[in-house]
Structure formats: structure tokens, C-alpha cells
Colleague: 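I'd like to ask you about the structure that follows.
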Amino acid sequence: MKKPVRYLSLLPVYLLILGTILGFAIGGSRAVTVLSENAPVTNRKTVIIDAGHGSPDGGATSCTGVLESQFNLEIALRLRDLMELLGIQTLMIRDTDHSVYTQGSTIAQKKVSDLKERVRIVNSTENATLVSIHQNLFPDAKYSGAQVFYAKTTGSHELANQLQNAFIQSINHDSHRQAKKADGIYLMQNINCTGILVECGFLSNPNEEYLLRTDTYQKKLCSVIATTLSNYLFTT
Ligand SMILES: [Zn+2]
């Protein structure tokens, strides 16, 4: 005899929930409007993930002999997976070890062609935001921490500041770094969209280089980048 009594006592609650659902269903248009606002078919934002360098250009060489291009690709692929998980459309400039040159016979010529092709891909993508992944290197091994650079385009400085601060709050607690202008970086100087370049850490610092080779640290880095990017995209 206890069960019916319990169900009966909850009846007003069920009726309230049912009434609310029916109210939305009959009212109709508001629920449909919200859904369609959240899933626009056109003008979708795309995050372009650029893994710096790529064969035959390995970039810097770490203190244990690992090429920068390999760090960049691993981190870029993890970042892509996270961004997709957050429902953000991505475009990888490269997802293999190879750079994207279209002409040239010497390494120098291929490098020029590769950079031009990266600019072409970025500038031909609508509603794009670029995040370029690189690693730092310095003769003095004591330096560490992520450094964010920004293009001169609208929004880039703001996004770079947000990410630099997010790194300091999450994984680079001792860092006093500030976002810097991407002066002299061909890709960043020639793009039309919002863009940042992230030097994730120093390949010349043995502790950081070790961390950068681990799954755990790469995941941490990518979760900081992905959440900052996603916050930025949803608030602009
Ligand atoms: Zn680089």
C-alpha cells in the first residue's frame, strides 16, 4: 500500500514537469529558434591548426635530439581531437610528418613554398582563427615556459593575452611572460584572420623538454589551449 501513496504524493510534481514540457512544445517557436541558433549551417567558425615545420624542415632540434616538427605534430593532433570534442570545426594544415610545399628543389625553396601555401590555406578559409604550434629553443638552458605571439589582425592580441594568462594560471606558475607581437614571422604577418602562434616550451631546457615528450603534459597543454580558444570563440 505504500507505493501508490508515494506515487500519488509525487503527482503534482509530474504534472508540473509535464505541463512545462507541453508548454514549450505548444509555444514551439522559442525552442526551435534556440536550436537553430546553436547550429548554424553556414558561417561556421573554423580553427586552423598549424603544426609548424615538417619534413624536410624539422625546425629546431631538442637537447635529446628530437625534431621540433615531431613535437608540433603530436601536440597539434591532440589539440584537433580536443577541439572536435568541444564541437569546434578544425582544419589541419598538415597531419603527417611532411610540410606542404608545392614547388622547389632545394630545402630553402621548399621552405618558401611551404610558408606561402600555409598563408594561402589560412586566407582561403572563411571565419577562420589560426593557432600555430611551435617550440622554443635558446642557448641558455635555464629558460622555460610557453610563449604566445599574436598577429596584427583583429582579436589576435586579445586571444594571445587570454592564452598567455591561462598558461601562467595552469602550468607555468612561475612565468612572468607576456604575449608578444609576431614580428618577423612570415605566416603571422601575412594572414587576414585572427591568429596566434604558441611556442609551447623550450626544447633547450632538459626538464621542459622531458615534459613536452610526455602524453600527460601534451594533454595539459592542449586542454589549456582548447578551453581558451573555445571561450574566445563563443564570446566573440
Ligand atoms: Zn618552429
Side-chain angles (χ1 to χ4, degrees), residues 49-79 93-94 97-100 107-108 110-112 114-115 118-119 130-153 156-191 195-226 228-229:
I49 302 172
D50 171 48
H53 311 283
S55 180
D57 165 29
T61 303
S62 84
C63 55
T64 64
V66 182
L67 291 176
E68 181 197 346
S69 55
Q70 190 179 326
F71 289 91
N72 297 344
L73 181 60
E74 285 179 11
I75 293 167
L77 289 169
R78 286 186 197 282
L79 181 60
I93 288 196
R94 69 174 177 102
D97 183 40
H98 296 279
S99 62
V100 293
I107 289 183
K110 286 174 181 171
K111 211 169 160 176
V112 170
D114 170 69
L115 286 173
R118 290 182 202 234
V119 170
L130 171 71
V131 55
S132 183
I133 302 291
H134 285 257
Q135 313 301 317
N136 230 328
L137 191 83
F138 201 73
D140 189 336
K142 74 178 180 190
Y143 293 102
S144 65
Q147 174 69 58
V148 187
F149 294 85
Y150 55 90
K152 57 182 185 290
T153 47
S156 303
H157 193 177
E158 187 191 342
L159 174 59
N161 278 341
Q162 288 177 14
L163 183 56
Q164 190 71 68
N165 291 335
F167 279 134
I168 292 169
Q169 283 162 19
S170 56
I171 50 176
N172 297 148
H173 297 290
D174 299 330
S175 170
H176 299 287
R177 293 182 186 281
Q178 295 193 332
K180 288 182 182 172
K181 267 187 197 167
D183 286 335
I185 303 172
Y186 182 84
L187 173 64
M188 305 305 288
Q189 286 187 319
N190 288 281
I191 55 167
I196 56 169
L197 183 148
V198 186
E199 304 257 29
C200 300
F202 281 76
L203 300 184
S204 40
N205 179 297
N207 290 335
E208 197 163 52
E209 192 264 1
Y210 167 76
L211 288 173
L212 286 163
R213 280 189 279 117
T214 63
D215 291 359
T216 314
Y217 195 72
Q218 288 188 2
K219 283 178 190 166
K220 280 184 190 170
L221 268 170
C222 289
S223 55
V224 178
I225 300 171
T228 307
L229 264 171

Colleague: State the CD-CG distance between Gln162 and Leu229, to the nearest 0.5 angstrom.
Modeller: 9.5 Å
Colleague: Looking at His134, is its backbone amide N or carbonyl O close enough to the side chain of Glu68 to form a donor-acceptor pair, meaning the two atoms are under 3.5 Å apart?
Modeller: no
Colleague: Using side-chain contact (heavy atoms from CB on, under 4.5 Å) as the criterion, list what pairs up with Leu73, not counting sequence neighbours.
Modeller: Ala51, Leu77, Arg94
Colleague: Please confirm whether the backbone N or O of Gly201 pairs with a side-chain atom of Asn136, one donor and one acceptor, at under 3.5 Å?
Modeller: no
Colleague: Hey, does Pro56 have a side-chain heavy atom less than 4.5 Å from the side chain of Lys110?
Modeller: yes
Colleague: Looking at side-chain heavy atoms only, is the closest gap between Phe71 and Ser62 below 4.5 Å?
Modeller: yes
Colleague: Please round to the nearest 0.5 Å and tell me the distance separating atom CD of Glu209 and atom OG1 of Thr214.
Modeller: 10.5 Å
Colleague: Is a side-chain donor or acceptor of Asn190 paired with a backbone partner of Tyr186 at a separation under 3.5 angstrom?
Modeller: yes
Colleague: Salt bridge check, Asp114 against Arg118: does any charged N sit closer than 4.0 Å to a carboxylate O?
Modeller: yes
Colleague: Is the closest side-chain heavy-atom distance between Leu203 and Thr61 below 4.5 Å?
Modeller: no
Colleague: Could you go through residues 176-185 and list every donor-acceptor pair under 3.5 Å that involves a side-chain atom there, pairing it with any protein atom two or more places apart or in another chain?
Modeller:
from, atom 1, to, atom 2, distance (Å)
Arg177, NE, Ser144, O, 3.3
Arg177, NH1, Gln147, OE1, 3.4
Arg177, NH2, Ser144, O, 3.0

Colleague: Establish, from distance only, whether the side-chain atoms of Gln169 and Asn165 form a donor-acceptor pair under 3.5 Å.
Modeller: no
Colleague: Which of these, Ile225, Leu221, Asp215, sits in a side chain to side chain contact (heavy atoms under 4.5 Å, CB included) with Arg78?
Modeller: Asp215
Colleague: State whether the number of non-hydrogen atoms from other residues, nucleotides or ligands found under 6.0 Å of Asp140 atom CG is greater than 12.
Modeller: yes
